[in-house]
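Throughout, a chain's letter reflects where its sequence line sits, starting with A, and its residues are numbered from 1. As the structure is a computational prediction, the values presented were derived from the model and not from experiment.
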Number of protein chains: 2
Amino acid sequence: MDWSTERILVTIYDVANKAGVGMKTVSRVLNDEAHVRPAMRARVLQAIEELGYRPNLAARQLAANRSFLISFIMNDVTSSYQTSMLVAASAECRRRNYHLVVEIMEPDESATGLVERVMANLRPDGIMLVPPLSNDADLIQAIANRGTKLVRVAATLQGYGHVVPVRDTEVSQKLVAHLLASGKKRIALIAPPYAKAAAHERVTGYKLALAAAELPLESDYIVQGDFTFASGKSATERLLGLPQPPDAIFAANDAMALGAMAVLQQRGIGIPEDMAVAGFDDSPGSRTVYPPLTTVRQPISGMARDAIAKLLGGPVDQEPLVPELIIRGSTQVGFVETVIAQDK
Amino acid sequence: MDWSTERILVTIYDVANKAGVGMKTVSRVLNDEAHVRPAMRARVLQAIEELGYRPNLAARQLAANRSFLISFIMNDVTSSYQTSMLVAASAECRRRNYHLVVEIMEPDESATGLVERVMANLRPDGIMLVPPLSNDADLIQAIANRGTKLVRVAATLQGYGHVVPVRDTEVSQKLVAHLLASGKKRIALIAPPYAKAAAHERVTGYKLALAAAELPLESDYIVQGDFTFASGKSATERLLGLPQPPDAIFAANDAMALGAMAVLQQRGIGIPEDMAVAGFDDSPGSRTVYPPLTTVRQPISGMARDAIAKLLGGPVDQEPLVPELIIRGSTQVGFVETVIAQDK
DNA sequence: ATGAAAGCGCTAACAG
DNA sequence: CTGTTAGCGCTTTCAT
């Protein structure tokens with residue numbers, strides 16, 4: 001059995017012949033270059049259509065010295081944040097006749113090793129990074145050294161590359177205000193690790209909400225997690241061990257919030273009556289847990305669109321992209337899902 | 001700012017010069033071809049090393065008329081089954097100096113449209129399909145029409161392409177036997193949709209276990225779902241409405257099992273005392289829900305390795321790959337996680 | 001076992 | 001505005 005792909009049947013040369021023009025004219029049409037008369041353009045397009053011509057990517061890459069590829073580097077394929085971003089970015093690339101190729105950073109892989117591997121092989125025209133990698137100094141440096149175009153989503157770290165910002169402060173503040181409004185008085189925070197600078201707006205929002213309600217900041221109520229389910233569990237154990245435990249927990253991501261819920265359910269503590277729980281990310285798990293988890297949904301598609309636009313050129317959203325607060329049963333008795341869009 | 005990638009600095013020509021051999025010899029070394037004397041080979045390798053030479057993929061593609069690319073087509077990036085397979089396959093490709101590129105099938109996209117899109121652009125040397133796409137007749141036909149090499153994981157549908165089989169019957173039987181052994185007497189099944197042929201071994205296992213225990217097959221206890229959380233919920237509502245409800249539920253995947261758990265928790269039915277629940281897939285949600293869900297873990301890496309081996313050549317696992325039963329708290333009081341490997 | 005020459009299909013640079 | 005001419009970096013004949 002011969003598995004080799006057949007040689008391409010129709011080339012740019014055939015198209016040029018059929019249309020009765022030079023090769024370069026066809027090439028110009030293909031690449032949307034200026035200086036082609038409409039009539040000529042139409043003739044070429046028709047020839048392309050009739051012949052069923054499809055450009056050969058490898059040949060274009062070689063001649064133009066561009067790959068028409070964007071590398072999307074991720075380190076956790078189970079992260080719904082990363083995978084949703086991947087899908088959205090992939091759709092956006094397709095729209096521009098580009099291709100998104102996924103690179104997975106192995107747990108023990110070095111930043112330079114990864115960049116070397118990616119650049120040596122596919123030679124992408126650009127690289128897209130999402131949290132936590134978008135704030136990884138080593139990785140950013142390795143990419144900067146190569147001079148490859150870069151876009152970093154939800155990055156707070158200053159440095160090389162374009163940045164697609166997040167605005168988590170307001171929505172976090174709104175979330176904590178919702179907790180207070182529903183009668184909770186002692187709100188704990190399972191904070192992100194110090195290293196995850198991207199998520200610190202969530203801490204800021206928490207503090208602002210307490211300040212606005214003229215409530216003191218209890219340092220015992222702020223426990224640091226590391227974004228894992230397990231860390232959410234242990235943080236909650238610790239909060240429950242306090243002389244005066246909180247009556248609500250705001251976790252900086254959903255995984256930790258789910259950990260909190262598991263501990264509460266194990267101990268028979270009622271959610272949300274005895275303890276309300278809220279997360280951040282609108283992960284699939286937040287919808288399937290019982291009671292469903294109150295959380296925050298990022299404007300994923302918009303962010304991905306902006307990211308690709310910054311890499312490839314083109315208009316970027318003017319309105320700042322804002323996250324939505326999703327209120328569900330883990331903070332509201334007799335819940336009906338409510339989506340609260342943040343003010344622009 | 002100039003973002004264009006610089007021209008490659010060192011070519012095969014430079015290597016040949018440095019090693020004092022012809023270009024073809026270098027090429028032969030790179031492609032692991034026969035008929036190269038060890039001494040010559042070493043000389044070439046050293047030159048490559050010293051020069052830091054990296055072959056240009058686009059040039060190789062163009063000249064050899066192969067892409068060194070495998071397309072991995074998925075339709076649901078939130079499916080842990082699909083993403084785990086993706087990671088494993090990606091690692092396996094890397095080992096062989098191939099690249100795995102992810103294609104996402106849009107919900108409204110036609111099979112022929114997708115295949116056209118994928119083949120016209122990247123021209124992969126092979127395509128890898130996982131469930132449910134690995135049993136999609138239209139898609140398989142469209143690929144067959146192109147003659148592109150194909151491997152289908154967990155496929156039951158006969159047809160074009162290599163198949164990496166699953167063996168879910170035995171482990172399903174073992175799972176139901178575990179339910180019976182723990183004292184449950186009325187085991188319900190939330191079955192996969194008829195269309196998902198791949199999952200019907202799970203139904204077979206269920207039936208075999210009941211038969212082995214000389215228990216009758218109650219048709220009321222078999223409710224069909226569609227693999228979604230919502231269908232797990234409605235199936236469970238129905239089971240609870242029965243005059244004599246079951247005391248255990250085996251759902252054909254984790255999403256439906258989570259739906260079952262949500263309904264039970266909402267009604268205050270104890271898990272596992274009043275109702276045991278088991279799923280299938282070992283999804284992230286199965287580990288974070290409370291109580292943790294008893295489920296089945298597929299030998300994902302082995303399957304991915306075999307899939308790529310079937311596409312690219314090379315040894316395939318001789319021992320059949322078998323799934324493992326993971327016993328957790330949703331079926332066992334006072335649980336300690338237990339992994340039971342199926343007999344080979 | 002190794003080398004020389006001829007492209008792969010396309011675009012860049014230059015003419016016209 | 002359009003055509004001509006050279007390659008891009010590699011692999012493939014086909015000699016030797």
Taking the nucleotide of DNA chain C with the nearest heavy atom to each, does A:Ala59 or B:Arg37 sit closer to the 5' end? B:Arg37
Send over the distance from B:Leu62 CG to D:dC10 C1', rounded to a whole Å. 8 Å
Please determine whether a side-chain nitrogen or oxygen atom of A:Thr25 lies at a distance below 4.0 Å from atom OP1 or OP2 of D:dT2. no
Interatomic distance, CD1@A:Ile73 vs CD1@A:Ile127, rounded to 0.5 Å, equals 4.5 Å
Heavy atoms of B:Ile308 and B:Met128 approach each other most closely as CD1-SD, 3.9 Å
Between P of D:dC10 and CG of A:Asn121, the distance in whole Å: 13 Å
Test your reading of the model: is there a side-chain donor-acceptor pair from A:Ser80 to the backbone of A:Pro284, 3.5 Å cut-off? no
Side-chain N or O of B:Tyr53 less than 4.0 angstrom from OP1 or OP2 on D:dC10? yes
Angle by which the axis turns from one end of the helix from C:dA1-D:dT16 to C:dG16-D:dC1 to the other, five pairs per end, to 10 degrees: 30°
Using the side-chain heavy atoms of B:Thr11, tell me which of these nucleotides is nearest: D:dC10, D:dG3, C:dA1. D:dC10
Between C:dG7 (P) and B:Ile12 (CD1): distance, integer Å: 19 Å
Check: A:Met303 main-chain N/O paired with A:Asp306 side-chain donor or acceptor under 3.5 Å: no
Only distances under 3.5 Å count here; give the side-chain donor-acceptor pairs of residues 112-121 of chain B to other protein atoms, sequence neighbours excluded, each with its distance to 0.1 Å.
from: B:Thr112; atom 1: OG1; to: B:Ser110; atom 2: OG; distance (Å): 3.4
from: B:Glu116; atom 1: OE1; to: B:Arg146; atom 2: NH2; distance (Å): 2.6
from: B:Glu116; atom 1: OE2; to: A:Arg54; atom 2: NH1; distance (Å): 3.1
from: B:Arg117; atom 1: NE; to: B:Glu109; atom 2: OE2; distance (Å): 2.7
from: B:Arg117; atom 1: NH1; to: B:Glu103; atom 2: OE1; distance (Å): 2.9
from: B:Arg117; atom 1: NH2; to: B:Ile104; atom 2: O; distance (Å): 3.1
from: B:Arg117; atom 1: NH2; to: B:Glu109; atom 2: OE1; distance (Å): 3.2
from: B:Arg117; atom 1: NH2; to: B:Glu109; atom 2: OE2; distance (Å): 3.3
from: B:Asn121; atom 1: ND2; to: B:Arg117; atom 2: O; distance (Å): 2.9

In whole Å, what is the span from the CD atom of A:Gln61 to the P atom of C:dG9? 15 Å
For the pair made of CG in A:Asn56 and C1' in C:dC10, what is the distance, rounded to whole Å? 8 Å
Check this one for me: any side-chain N or O of B:Ser27 less than 4.0 Å away from OP1 or OP2 of D:dC10? no
Side-chain donor/acceptor contact of A:Arg28 with base of D:dG3 under 3.5 Å: yes
A:Arg41 has an atom CZ; how far is it from atom C1' of D:dT2, in whole Å? 15 Å
From CZ of B:Arg54 over to C1' of D:dG9, roughly how many Å is that when rounded to an integer? 15 Å
Are any side-chain N or O atoms of A:Ser134 and backbone N or O atoms of A:Val153, one a donor and one an acceptor, separated by less than 3.5 Å? yes
Does D:dG9 have OP1 or OP2 under 4.0 Å away from a side-chain N or O of B:Arg60? no
Output all residues satisfying salt bridge (charged side-chain N to carboxylate O under 4.0 Å, His left out) with B:Arg305, sequence neighbours left out; order by chain, then residue number. B:Asp317
Atom-to-atom span, CZ of A:Arg123 to P of D:dC8 - whole angstrom: 14 Å
